[in-house]
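Okay, structure first, notes after.
What you see below is based on every heavy atom in this structure, not just the backbone, and it leaves out hydrogens, waters and symmetry mates. Worth saying up front: this structure is predicted, and the values here are computed from it rather than measured. Below, read A as the first sequence line, B as the second, and so on, with proteins coming before strands; counting in each chain starts at 1.
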2 protein chains.
Amino acid sequence: MGVSKTSSYTEIQIETANRLKALGHPARIAIVQFLLNQKECICNDIVNELPLAQPTISQHLKELKNAGIIQGTIEGKAICYCINPKVIKDLVSFFNSILSNLHPEDQCC
Amino acid sequence: MGVSKTSSYTEIQIETANRLKALGHPARIAIVQFLLNQKECICNDIVNELPLAQPTISQHLKELKNAGIIQGTIEGKAICYCINPKVIKDLVSFFNSILSNLHPEDQCC
DNA sequence: TTTATATATTGCAATATTACGATATATTAT
DNA sequence: ATAATATATCGTAATATTGCAATATATAAA
């Protein structure tokens, strides 16, 4: 008894949660997967691909960008969005570290 | 032109989004990490560890459980929650497949 | 059976998210 | 300069999430 509560969360916990939350919507998963298949990754193409209006997609792109999942650079009249590999690698590491800390003998169910 | 909109999302996109969304909150990241370090994983312990009230933690546990991230079994008076390795493995695969589809020559930014 | 312990559920307020029409901005083409 | 194209922002309605006090349930201990 007498265990003191951790006052808050660590920076890493907050950052990881933000990134996972950004990917926690089917439209944003679909956007990421669409970007993977494109050499030219422009918002207007995505509008034609997904069942969402242009402002909604723009909003989803903004969230992915705020979380660092994607980056955008201006390409003339359009904008080129693409995936930031570093963040994806971090997430692979995060889940791999869960797996490696999961020892069957520790499992109670 | 004339590209038809995909009517909706795939089952896998929806399932993946649900799982990532479930992990998209610092309290739920902290809960998962706490479970990793415990042999005895009981909700009341988590209440002493996190800055949240018992009903709130119970709610977060429910969300993790609904998303399949954790499972709970009744252990007498308490409940033993632990992580479902299969789902974590699926997520590692998801992010690894993003990485393997990310060819630098395709990147426009 | 009464009491204590562990967890879940309900109800509710505060806040955040999602989606979109309307509109703004910025670049390119004419 | 005007028009067309690509994207962003604003305002707003509908819905979802978060957190908690109060209360319920269920098991174990006395």
How far apart are the C-alpha atoms of A/Asn18 and A/Glu15, what are their side-chain angles, what is the distance that settles it, and do they pass the side-chain contact (heavy atoms from CB on, under 4.5 Å) test?
CA-CA 5 Å; A/Asn18 282 338; A/Glu15 187 180 52; 5.6 Å; no

Could you give me the CA-CA distance, side-chain angles and deciding distance for A/Phe95 and A/Leu20, then say whether side-chain contact (heavy atoms from CB on, under 4.5 Å) is met?
CA-CA 11 Å; A/Phe95 286 110; A/Leu20 295 177; 4.0 Å; yes

Could you go through A/Val92 and B/Leu99, starting from their C-alpha distance and side-chain angles, then the distance that decides it, and tell me whether this counts as side-chain contact (heavy atoms from CB on, under 4.5 Å)?
CA-CA 9 Å; A/Val92 169; B/Leu99 280 186; 4.1 Å; yes

Step by step, would you call A/Tyr81 with A/Thr73 a side-chain contact (heavy atoms from CB on, under 4.5 Å)?
CA-CA 7 Å; A/Tyr81 279 112; A/Thr73 52; over 6 Å; no

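In this structure, CG of B/Leu64 is placed 14 Å from C1' of D/dT18, rounded to the nearest angstrom. For the pair B/Ile57 CD1 and C/dA8 P, the interatomic distance rounds to 11 Å; values are reported in whole Å. For the pair A/Leu52 CG and C/dG21 P, the computed distance is 11 Å after rounding to whole Å.
Here the OG atom belonging to B/Ser100 is positioned 11.5 Å from the CD1 atom belonging to A/Ile88, to the nearest 0.5 angstrom. To the nearest 0.5 Å, atoms SG (A/Cys82) and CD1 (A/Ile69) are separated by 13.0 Å. Atom-to-atom distance recorded for A/Cys80:SG and A/Gln38:CD is 10.5 Å, nearest 0.5 angstrom. Atom CD1 of A/Ile79 and atom CD1 of A/Ile74 lie 5.0 Å apart (nearest 0.5 Å). To the nearest 0.5 angstrom, B/Leu91 atom CG is 10.0 Å from A/Leu91 atom CG. Between A/Leu52 atom CG and A/Ile31 atom CD1 the span is 7.5 Å, to the nearest 0.5 Å.
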Using a cut-off of 4.0 Å between protein heavy atoms and nucleotide atoms, how would you tag nucleotides 12-18 of chain C 5' to 3' with B, S and -?
----SSB

What does nucleotides 2-7 of chain C look like as a protein-contact string, B for base, S for sugar-phosphate only, - for none, at under 4.0 angstrom between heavy atoms?
---BSB

Let me check something: any side-chain donor-acceptor pairs from residues 54-64 of chain B under 3.5 Å, sequence neighbours excluded? List them with distances.
unit_1	atom_1	unit_2	atom_2	d
B/His60	ND1	B/Arg28	NH1	2.9
B/Glu63	OE1	B/Arg28	NH1	3.2

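Among all heavy-atom pairs drawn from A/Gly68 and A/Val87, the shortest one is O-CG2, 3.3 Å.
End-to-end axis angle of the helix from C/dT1-D/dA30 to C/dT30-D/dA1, using five pairs per end and rounding to 10°, comes to 20°.
For residues 79-101 of chain A, every residue pair satisfying the salt bridge (Lys or Arg N to Asp or Glu O under 4.0 Å) rule, not counting sequence neighbours, is listed here: A/Arg19-A/Asp90, A/Lys86-A/Asp90.
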What does the list of N/O pairs under 3.5 Å between the protein and nucleotides 12-14 of chain D look like, with a distance for each?
none

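The 5' end of DNA chain C is approached more closely, in terms of each residue's nearest nucleotide, by B/Leu61 than by the other of B/Leu61 and A/Pro55.
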